[in-house]
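We count ligands from 1, going down the list as the structure has it; atoms in each ligand are counted the same way. What you are looking at is a predicted structure, and each value in this text was computed from that prediction instead of being measured.
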Amino acid sequence: METKAALIIVDVQNDFCPGGTLAVVDGDQVVAPLNRYIERFAAALLPIFATRDWHPEKTSHFKAYGGVWPVHCVQGTFGAEFHRALKLSGAAATVSKGMAADADSYSAFDAVDSAGVRLADLLRATGVSQIFVGGLATDYCVKQTVLDGRKFGFDVVLLKDAIRGVDLAQGDSARAVETMLDAGARVVENVGEFTLSYPLG
Ligand code: VGL
Ligand code: ZN
């Protein structure tokens, strides 16, 4: 079957960037490379999805309610908005996750569009078989998205220059990359080596 690619941009939101409530070191550094990937996918008329962490005020995901995280990406707040330099324009569809009061929902495959359609169904509906994944954070949402992508049978390419991690424990992000590779994901090291014929095989 023909390979059709889609770009999945994970959680490039203010709260995960410097100044945010769950800031990832250099989290905003993913924006420039992602904009270049967006340009390529848009030019090739390939689908682009941007996920957002979209939490209610009260959720067991947050420390105050039994979770591990500070309050972040609460629906409708500045922290939940996409980084303003990310050039999503009209090309990208937004999918949201993390709305449940009792689940973490790290994976983009937990996300739904405004009509409630899940990402896997959106991808299948357009014949996508290969996903390119970048964004935040390497050791949580990016990792879970890549692993679920493999589980759902997609060919997965990790955009190595367009990810940054939380690293609650030192080395978490490096270990996450190893885990993704072990699951059969492939890697594009940087936008310079990237063409949309990559690797398509
Ligand atoms: C994330 C921690 C908590 C992520 C979301 O987007 O990787 N990490 N919520
Ligand atoms: Zn979250």
Side-chain angles (χ1 to χ4, degrees), residues 7-31 33-34 37 48-86 88 92-113 118-120 131-151 156 158-180 183 185:
L7 177 62
I8 299 181
I9 297 166
V10 178
D11 297 2
V12 182
Q13 294 164 275
N14 292 323
D15 271 341
F16 296 124
C17 292
T21 60
L22 182 36
V24 171
V25 175
D26 289 337
D28 55 342
Q29 297 299 305
V30 302
V31 171
L34 283 173
Y37 290 114
I48 301 170
F49 293 93
T51 75
R52 61 181 181 182
D53 217 23
W54 195 242
H55 296 307
E57 279 174 23
K58 290 185 187 173
T59 161
S60 59
H61 187 60
F62 294 159
K63 254 178 216 156
Y65 305 99
V68 295
W69 304 110
V71 172
H72 63 277
C73 298
V74 172
Q75 297 165 15
T77 63
F78 174 78
E81 288 175 18
F82 292 119
H83 190 289
R84 65 184 172 82
L86 188 67
L88 291 174
T94 298
V95 289
S96 306
K97 63 182 176 62
M99 292 83 86
D102 58 356
D104 289 309
S105 294
Y106 294 121
S107 172
F109 286 88
D110 291 335
V112 295
D113 71 4
R118 301 172 76 90
L119 181 65
I131 57 172
F132 288 69
V133 180
L136 305 169
T138 309
D139 35 357
Y140 291 93
C141 291
V142 169
K143 177 177 123 181
Q144 254 347 291
T145 298
V146 165
L147 297 181
D148 275 353
R150 294 294 301 144
K151 263 186 216 157
V156 182
L158 178 67
L159 302 173
K160 194 97 178 289
D161 58 336
I163 56 173
R164 293 291 187 283
V166 177
D167 287 317
L168 277 186
Q170 203 187 344
D172 277 354
S173 292
R175 280 187 292 275
V177 170
E178 287 308 312
T179 303
M180 292 185 263

- Query: With distance as the sole criterion, is a donor-acceptor pair present between the side chains of Tyr106 and Asp148 under 3.5 Å?
  - Reply: no
- Just need the protein heavy atom nearest to atom 3 (C) of ligand 1, so name the residue and atom and give the distance. His61 NE2, 3.3 Å
- Check whether any N or O atom of His72, backbone or side chain, sits under 3.5 Å from an N or O atom of ligand 1, and answer yes or no. yes
- Query: Is Ala137 in polar range of ligand 1, meaning some N or O pair under 3.5 Å apart?
  - Reply: yes
- Can you check whether Cys73's main-chain N or O pairs, donor with acceptor, with His55's side chain at less than 3.5 Å? no
- Query: Would you call Asp11 and Arg52 a salt bridge, taking side-chain N to carboxylate O under 4.0 Å as the test?
  - Reply: no
- Task: Determine how many protein N/O/S atoms sit closer than 2.8 Å to the Zn ion (ligand 2), leaving waters out since they are not shown.
- Result: 4
- Determine yes or no for a side-chain-to-main-chain donor-acceptor pair under 3.5 angstrom, with Asn14 supplying the side chain and Gly20 the backbone. no
- CG/Leu119 to OG/Ser96 distance, rounded to the nearest 0.5 angstrom? 11.5 Å
- Note on the structure: Result for side-chain contact (heavy atoms from CB on, under 4.5 Å) between Thr94 and one of Phe49, Trp54, Phe82 points to Phe82
- Any donor-acceptor pair under 3.5 Å from Thr138 side chain to Arg164 backbone: yes
- Task: Would you mind running through ligand 1 and noting each atom that sits below 4.0 Å from a heavy atom of Trp69?
- Result: 2 (C), 3 (C)
- Query: Short N/O distance, under 3.5 Å, between Asp11 and ligand 1?
  - Reply: yes
- Query: Is Cys141 in polar range of ligand 1, meaning some N or O pair under 3.5 Å apart?
  - Reply: yes
- Check whether any side-chain N or O of Thr21 sits under 3.5 Å from a backbone N or O of Val71 as a donor-acceptor pair, and report yes or no. yes
- Query: Considering only protein heavy atoms, which is closest to atom 8 (N) of ligand 1, and at what distance to one decimal place?
  - Reply: Tyr140 CB, 3.7 Å
- Query: Does CD belonging to Glu57 count more than 12 external heavy atoms closer than 6.0 Å?
  - Reply: no
- Only one of Asp104, Leu168, Val10 clears side-chain contact (heavy atoms from CB on, under 4.5 Å) with Tyr140; which? Leu168
- Under 4.0 Å between heavy atoms, the region of Leu136 that gets near ligand 1 turns out to be backbone
- Message: Show me which atoms of ligand 1 lie under 4.0 Å from any heavy atom of Phe16.
- Response: 1 (C), 4 (C), 5 (C), 6 (O), 9 (N)
- Item | Nearest non-hydrogen protein atom, atom 5 (C) of ligand 1 | Asp53 OD2, 3.1 Å
- Between the side chains of Asp102 and Ser60, is a donor N or O closer than 3.5 angstrom to an acceptor N or O? no
